[in-house]
Each structure stands twice: as C-alpha cells, then as structure tokens.
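What's counted below: heavy atoms across the whole structure, side chains too, no hydrogens, waters or symmetry copies.
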Amino acid sequence: MYPMQPPDSCQMPSWWPHLTLPPYKEGKYGDWEIKINNPPMIRSFYRGLVKPDHDNYILKKNGKLWMSTTPMEIESQGVYIHAAHGNVVIGGLGMGLTLYNIAIKPNVTSITVYEEDAEVINLFEECSGFDKWACKDKIYLLCDDILDSIPEERPENPVDLLYMDIWSELG
C-alpha cells in the first residue's frame, strides 16, 4: 500500500485526507483490464505536473481509459473521502480507490457499492487485494445500475453520503 500525501509545499487544504492505494496488481477480466502505465510526469489536480511517487495503475475497457491512480484522479476524490461518515452509498466501483479510502475510516459504518458491470467487480476483486482488506466486512458490493435502483432511505439506516462516479469522460 502506498501513502498518497501531497508534499508540504502544495496548496492543499489542511483537512485533506491522507489517501492510500490498495495493493493493486495488473490483471484482465473480460473487456476490462488494470495495468501499470508510468509516464515520467503526471498532471496533478492541485500541483500541476509532478513526478510520480508510486506506480500509476489504469483501468481500461476495450482500450478506453476509465480510471487511474494519477495524482489528479486521487486528489479529485479527497473531498468526498473527507466527507464520508456513517452509511455511504457509492455509484460506480472503478478500481475501488475511493471505496478503500472511505472503508478504512473508523467513522464509516457501512458502504453499499452499486456497479452495473459484473466484469468490473470480478476484476476489482482479483486485482485490488480485496480479500485481504481489513475493512471489507462493512462493504456490500451489488451488481446493479444505481440509476435504476436508488435505495430507499429508512430512518433506521439513513444514507449519510452518496458518491457518484459513473462516467468515463472528464468534466
């Protein structure tokens, strides 16, 4: 696992969470694959171009990039990870980077993840070290389209954070 903390010289908010990568490995399942792609410099969300300090994993479907562990991708998820508490619902599994960082928070009690593509779930389970995650007991992976299955909120089990990451295009 790689700690993902910005250097002291950047202009990150003081509350920004310390983010960690799951122990990824390369793999392929159906049309999806996770592989390492290490350019010499990578764009950061807040810090401009930076030299990578960890392996950059990318998630592709039929050659189209869906997600990565670049500083830009990681930093853009920090605000949602910081806000997560209680019962969390995530739309879109991807590589499980946000899921992992939310799950390790002690103030998060449960996480329900909706992922409509079973191949993504299988690839995630194969390549993220999920079977060894200490926090996996509070994670529920559902193979379903969240847009068709928005959970009903019940007073005894409110949704404290809904995080959606279901697109392949930036912006």
Side-chain angles (χ1 to χ4, degrees), residues 1-84 88-105 108 111 113-117 119-133 135-136 139 141 146 161-171:
M1 301 191 209
Y2 305 95
M4 299 301 304
Q5 188 69 357
D8 294 336
S9 62
C10 75
Q11 299 298 317
M12 301 293 284
S14 61
W15 52 263
W16 206 258
H18 176 82
L19 304 181
T20 304
L21 292 180
Y24 291 121
K25 66 179 184 178
E26 293 182 300
K28 185 169 174 47
Y29 200 97
D31 294 332
W32 293 89
E33 69 177 324
I34 291 177
K35 65 181 189 175
I36 294 175
N37 178 23
N38 286 330
M41 297 294 283
I42 299 178
R43 182 155 306 282
S44 165
F45 197 76
Y46 289 101
R47 300 173 283 143
L49 285 175
V50 296
K51 186 175 180 178
D53 60 357
H54 65 280
D55 281 331
N56 177 47
Y57 286 88
I58 57 175
L59 173 66
K60 287 187 168 189
K61 180 179 184 181
N62 295 322
K64 182 177 182 176
L65 181 66
W66 275 79
M67 185 181 175
S68 71
T69 61
T70 63
M72 178 181 279
E73 184 97 29
I74 292 167
E75 291 170 8
S76 71
Q77 296 176 40
V79 68
Y80 310 105
I81 293 164
H82 173 72
V88 176
V89 174
I90 297 175
L93 175 60
M95 295 169 56
L97 174 66
T98 301
L99 171 63
Y100 182 78
N101 283 279
I102 288 175
I104 61 177
K105 292 182 70 173
V108 171
I111 307 152
V113 180
Y114 287 81
E115 173 53 58
E116 69 178 358
D117 193 326
E119 291 181 353
V120 171
I121 295 171
N122 290 327
L123 181 64
F124 161 76
E125 289 176 337
E126 180 181 312
C127 295
S128 70
F130 183 65
D131 60 331
K132 293 182 175 74
W133 287 16
C135 49
K136 75 177 193 167
I139 298 170
L141 295 175
I146 193 169
L161 176 76
L162 172 62
Y163 175 73
M164 300 292 287
D165 193 3
I166 57 174
W167 47 82
S168 64
E169 304 296 327
L170 283 175

Exercise for the section: Please examine the side chains of Ile139 and Trp133, heavy atoms only from C-beta on, and report whether any two atoms are closer than 4.5 Å. Expected result: yes

Exercise for the section: For the pair His54 (side chain) and Leu21 (backbone), establish whether a donor and an acceptor sit closer than 3.5 Å, ignoring hydrogens and angles. Expected result: no

Practice task
Verify the neighbour count for atom OH of Tyr163: are there more than 12 heavy atoms of other residues, nucleotides or ligands below 6.0 Å?
Solution key: yes

Exercise for the section: Not counting sequence neighbours, which residues clear side-chain contact (heavy atoms from CB on, under 4.5 Å) with Val108? List them please. Expected result: Ala84, Val88, Ile102, Lys105, Ile111, Lys138

Exercise for the section: With sequence neighbours left out, write down each residue that passes side-chain contact (heavy atoms from CB on, under 4.5 Å) with Ile36, or none if nothing qualifies. Expected result: Glu26, Asn38, Asp55, Tyr57

Problem - Chi angles and distances behind the side-chain contact (heavy atoms from CB on, under 4.5 Å) call for Phe124, Leu141 - result: CA-CA 11 Å; Phe124 161 76; Leu141 295 175; 4.0 Å; yes

Fill in the blank from the handout: All heavy atoms of Ile104 vs all of Asn101, minimum pair found to be CG1-O, 3.5 Å

Handout entry: Exercise: identify the closest heavy-atom pair between Tyr24 and Gly96
Key = OH-C, 4.0 Å

Problem - Pairing residues for Asn122 by the side-chain hydrogen bond (donor to acceptor under 3.5 Å, both in side chains) criterion, not counting sequence neighbours - result: Tyr29

Fill in the blank from the handout: The reported gap from CD1 in Ile42 to CD1 in Ile74 (rounded to nearest 0.5 angstrom) is 8.5 Å

Practice task
For Glu116, check side-chain contact (heavy atoms from CB on, under 4.5 Å) against everything at least two apart and list the hits.
Solution key: Asp145

Handout entry: Donor-acceptor contact below 3.5 Å, side chain Lys28 vs main chain Gly30
Key = yes

Practice task
Locate the shortest heavy-atom distance separating Ser68 from Asn56; write the atom from each residue and the value.
Solution key: CB-OD1, 3.9 Å

Handout entry: For the student: nearest non-hydrogen atoms of Leu65 and Ile58, plus distance
Key = CD1-CB, 3.7 Å

Handout entry: Lys61: partners by side-chain contact (heavy atoms from CB on, under 4.5 Å), with sequence neighbours left out
Key = Asp31, Trp32, Trp66, Asp117

Exercise for the section: Can you see which heavy atom on Met95 is nearest to which on Ser128, and at what distance? Expected result: O-CB, 4.4 Å

Exercise for the section: Mind checking the CD-CD1 spacing from Glu115 to Ile90? Nearest 0.5 Å is all I need. Expected result: 11.0 Å

Exercise for the section: Indicate the atoms forming the closest heavy-atom contact of Pro39 with Pro52, along with that distance. Expected result: O-CG, 3.3 Å

Problem - Atom pair CG (Leu99) and CG (Asp165), whose distance is rounded to the nearest 0.5 Å - result: 12.0 Å

